[in-house]
Trainee: 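Dropping the structure in here first, questions after.
The sequence lines fix the lettering, A, B, ..., with proteins before strands; numbering per chain opens at 1.
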Amino acid sequence: MTVDVGTQLRKGVVEYCVLGLLSREPMYGWQLSERLVTSGMIASIGTLYPMLSRLRSQGLVTTYNEASASGPVRKYYQLTARGAAQLESFRLQWEPFTATVLQLVGKDSS
Amino acid sequence: MTKTTPQATRDYLARLAAALSDVQPDVRAEIIAGVREELDGLDAEAATARIAELGDPTFIAAEATAATLAAEQSHPTEPSPSRTLPIIAVLLLIVGTFVVPVIAPIVGLVLVSFSAVWSRREKLATWLIPLATAVILVVAFAITSAVQAEVPTVPTNPLVPLASWHLAILLPYLVLPIEGIALLVRANGRGWRTVRSLPEWRR
């Protein structure tokens, strides 16, 4: 069985991508979904909501409701202090980690 | 969602709800609420375009199921170190009073507090319910005593249960055993696993 490398890599980092997006501004489900689907990080909202639910149960994000200008009340997700700390810890490790991996696997020989 | 909701939106939400029927209830509710919030207020044309972006409900459901299972596997359920302690704790609550009154149920309460198979909320309730019952009984007894002292000619009505201190018997022989049975049922339903090892929605 061939392991899809892209899928495995995305699984490891997608939660941090959500935290990263939320660190800039609170976002509602569709906003997050659109952004992540466009970037190729998730395939559909089916992946997003279980992840948001998990992040919330870990205390990394919280939600609040706000009425939008066009009418519907939207549920916004925002980063908690714990989420910000988790993101910071990821940011600190990510660059050295990718540098190490790059060193180990080597660059494309073509 | 109003009566003016486009048919396409109603159909899509119905298909989504059906497709998600096997997904964890909280995740299912979140997905449906998220999609509903996104389609709310859109006219038929805009809703159709948005629905096309959202994708097939069966695909969404399959992804949600896979994501939820992956999360449970990455957070494996650990068996309780031992079932003995929690089982002794509930038995002490249920029948302890009949064996060693007062002491046995108190030991049961303490054991419940130290067990990992019940949540903090359940442990708190286990202590508060008998305490609250005791307070209510004491207050009720004090009030009825005061009333009877003021009007000594009023005979004690045996049909008014709160007038009797005998009701104190409710606590060890009814409240605590019921609590013990409730804790037993809850822990057994979760396979006596530690609360920490359970997914959030099962706690």
Trainee: What are the residues of residues 21-44 of chain A, in order of number, with any heavy atom under 4.5 angstrom from a heavy atom of chain B?
Mentor: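 Answer by number: Y28(A), G29(A), W30(A), E34(A), A43(A), S44(A).
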
Trainee: Using the ring of each side chain (for Trp, its six-membered ring), is Y16(A) parallel, tilted or perpendicular to F90(A), with breaks at 30° and 60°?
Mentor: parallel

Trainee: Taking 4.0 angstrom as the limit, do R56(A) and E30(B) come out as a salt bridge?
Mentor: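 A salt bridge links R56(A) with E30(B).
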
Trainee: Look at T65(B), V23(B), L20(B), I31(B) and state which one has the largest set of heavy-atom pairs under 4.5 Å with chain A.
Mentor: I31(B)

Trainee: I'd like to verify something: which residue of M51(A), K75(A), K11(A) has the highest number of heavy-atom pairs under 4.5 Å with chain B?
Mentor: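 Winner by heavy-atom pair count: K75(A).
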
Trainee: Keeping T80(A) on the side-chain end and G59(A) on the backbone end, is there a donor-acceptor pair under 3.5 Å?
Mentor: yes

Trainee: For the residue pair Q7(B) and D11(B), confirm or rule out a side-chain donor-acceptor distance under 3.5 Å.
Mentor: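 The answer is yes; a qualifying pair exists.
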
Trainee: Using atom types as modelled and distance alone, determine if a side-chain donor or acceptor of R10(B) lies under 3.5 Å from a backbone N or O of T5(B).
Mentor: yes

Trainee: Between D56(B) and R15(B), is there a salt bridge with N-O shorter than 4.0 Å?
Mentor: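 Looking at D56(B) together with R15(B), the answer is yes, because their closest N to O distance falls below 4.0 Å.
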
Trainee: Can you tell me if R74(A) uses its side chain to pair, donor with acceptor, with the backbone of N65(A) under 3.5 Å?
Mentor: no

